[in-house]
Enquirer: 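I am attaching a structure below and will ask some questions about it afterwards.
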Amino acid sequence: MGPVHVCFTASGQVVVSEWIGNRITFRCRNQCSTWERICDQPCGVTVDQYDNIYVSETNRRCLYKFDKTRKLIASLSGQNNLIIAPAGIKMIQNNLYVCDGGRVQIFDQNLNLIDWICDMLGVGVADITSSPSGYLYVAQTTPPMIH
């Protein structure tokens, strides 16, 4: 699997997580720069209003927050089963929504757990997004479906 997730920074860069190659790629018009810092098959990628970059790594069961200069400023590991298998992530109304195994968890911008909104044990929750009207949409992999 090559590119997995895509998002945009406020400055217009396209940020792509690439499973194969273990990297995050930044593209701005015809220029491209690659970032290979501590990524072990990164899955989800999203940015906040300050262009901080959030990355999920399913294999390491981790979430990372990097500032816009790509310096690591926060991380959260899967200790005590807080994170099981983070995949798709999305910044929605200044909170980080994380598809994690069979559940969706909500974290603040400092990676503190706020709440969870669904728990579908045995179902692979892969990605999440929101509509302009505020509805959340969750994609699951087993069986393939959108909620």
Side-chain angles (χ1 to χ4, degrees), residues 1-19 22-29 33 35 37-147:
M1 190 178 343
V4 181
H5 284 270
V6 176
C7 66
F8 295 89
T9 66
S11 61
Q13 285 187 315
V14 179
V15 184
V16 181
S17 65
E18 297 184 39
W19 189 283
N22 298 326
R23 63 186 177 204
I24 304 295
T25 304
F26 294 83
R27 298 180 188 273
C28 187
R29 297 194 182 167
S33 64
W35 174 38
R37 183 167 167 31
I38 71 166
C39 295
D40 177 20
Q41 296 183 327
C43 190
V45 63
T46 192
V47 296
D48 64 19
Q49 72 271 29
Y50 305 108
D51 276 352
N52 293 312
I53 303 156
Y54 299 80
V55 177
S56 67
E57 285 187 346
T58 304
N59 288 351
R60 289 187 181 167
R61 298 175 32 198
C62 292
L63 296 174
Y64 300 104
K65 177 183 178 181
F66 299 91
D67 68 14
K68 61 183 169 184
T69 67
R70 304 176 194 164
K71 176 183 174 191
L72 179 65
I73 54 176
S75 65
L76 182 65
S77 66
Q79 298 172 358
N80 301 323
N81 289 325
L82 182 60
I83 302 172
I84 298 170
I89 59 177
K90 179 79 172 178
M91 189 60 65
I92 301 171
Q93 296 180 349
N94 299 323
N95 290 316
L96 181 66
Y97 285 68
V98 179
C99 295
D100 184 29
R103 60 192 176 181
V104 176
Q105 299 193 87
I106 306 169
F107 295 85
D108 67 17
Q109 291 183 349
N110 294 313
L111 303 182
N112 298 305
L113 181 64
I114 297 172
D115 203 354
W116 56 271
I117 58 171
C118 65
D119 194 347
M120 300 182 289
L121 293 177
V123 174
V125 178
D127 205 1
I128 188 166
T129 194
S130 65
S131 70
S133 57
Y135 290 101
L136 295 177
Y137 293 89
V138 177
Q140 72 180 45
T141 56
T142 49
M145 187 178 302
I146 303 281
H147 295 276

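Along the sequence shown, residues carry numbers from 1.
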Enquirer: Tell me every residue that passes side-chain hydrogen bond (donor to acceptor under 3.5 Å, both in side chains) with D108, counting only those two or more places apart in sequence or in another chain.
Expert: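 D108: side-chain hydrogen bond (donor to acceptor under 3.5 Å, both in side chains) contacts with N112.
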Enquirer: So, taking the atom named CZ in R60 and the one named CD1 in I83, what distance separates them when rounded to the nearest 0.5 Å?
Expert: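 R60 CZ to I83 CD1: 13.5 Å, rounded to 0.5 Å.
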Enquirer: If you round to the nearest 0.5 Å, how far is CG of L76 from OH of Y64?
Expert: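 Going from the OH atom of Y64 to the CG atom of L76 covers 10.0 Å.
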Enquirer: Might you point out which heavy atoms bring F66 and V55 nearest each other, and give the distance in Å?
Expert: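 Smallest interatomic distance, heavy atoms only, reads CE1-CG2, 4.1 Å.
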Enquirer: Which heavy-atom pair separates D100 from Q105 by the least distance, and what is that distance?
Expert: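 So the minimum-distance heavy-atom pair works out to OD2-NE2, 2.9 Å.
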Enquirer: Determine the minimum heavy-atom distance between S56 and L63, stating which atoms define it.
Expert: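 S56 and L63 have their closest heavy atoms at CB-CD2, 3.7 Å.
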Enquirer: From T69 OG1 over to I53 CD1, what is the distance, rounded to the nearest 0.5 angstrom?
Expert: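 Taking OG1 in T69 and CD1 in I53, the distance rounds to 8.5 Å.
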Enquirer: Would you say that V47 contacts K68 through its side chain, given a criterion of any heavy-atom pair below 4.5 Å between the two side chains?
Expert: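 Heavy-atom side-chain distance check fails, nothing below 4.5 Å.
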Enquirer: Please determine whether side chain to side chain contact (heavy atoms under 4.5 Å, CB included) holds for the pair K65 and N110, giving the CA-CA distance in whole Å, both sets of side-chain angles, and the decisive distance to 0.1 Å.
Expert: CA-CA 8 Å; K65 177 183 178 181; N110 294 313; 3.8 Å; yes
Enquirer: Report all side-chain donor-acceptor pairs from residues 84-99 shorter than 3.5 Å, counting only partners two or more places apart or in another chain.
Expert:
| residue | atom | partner | partner atom | Å |
| --- | --- | --- | --- | --- |
| N94 | OD1 | Q49 | NE2 | 3.3 |

Enquirer: Under the rule for side-chain hydrogen bond (donor to acceptor under 3.5 Å, both in side chains), what residues qualify as partners of D48, not counting sequence neighbours?
Expert: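 D48: side-chain hydrogen bond (donor to acceptor under 3.5 Å, both in side chains) contacts with N52, Y54.
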Enquirer: To the nearest 0.5 Å, what is the distance between CG (D67) and CG (L72)?
Expert: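 Going from CG on D67 over to CG on L72, the span is 9.0 Å.
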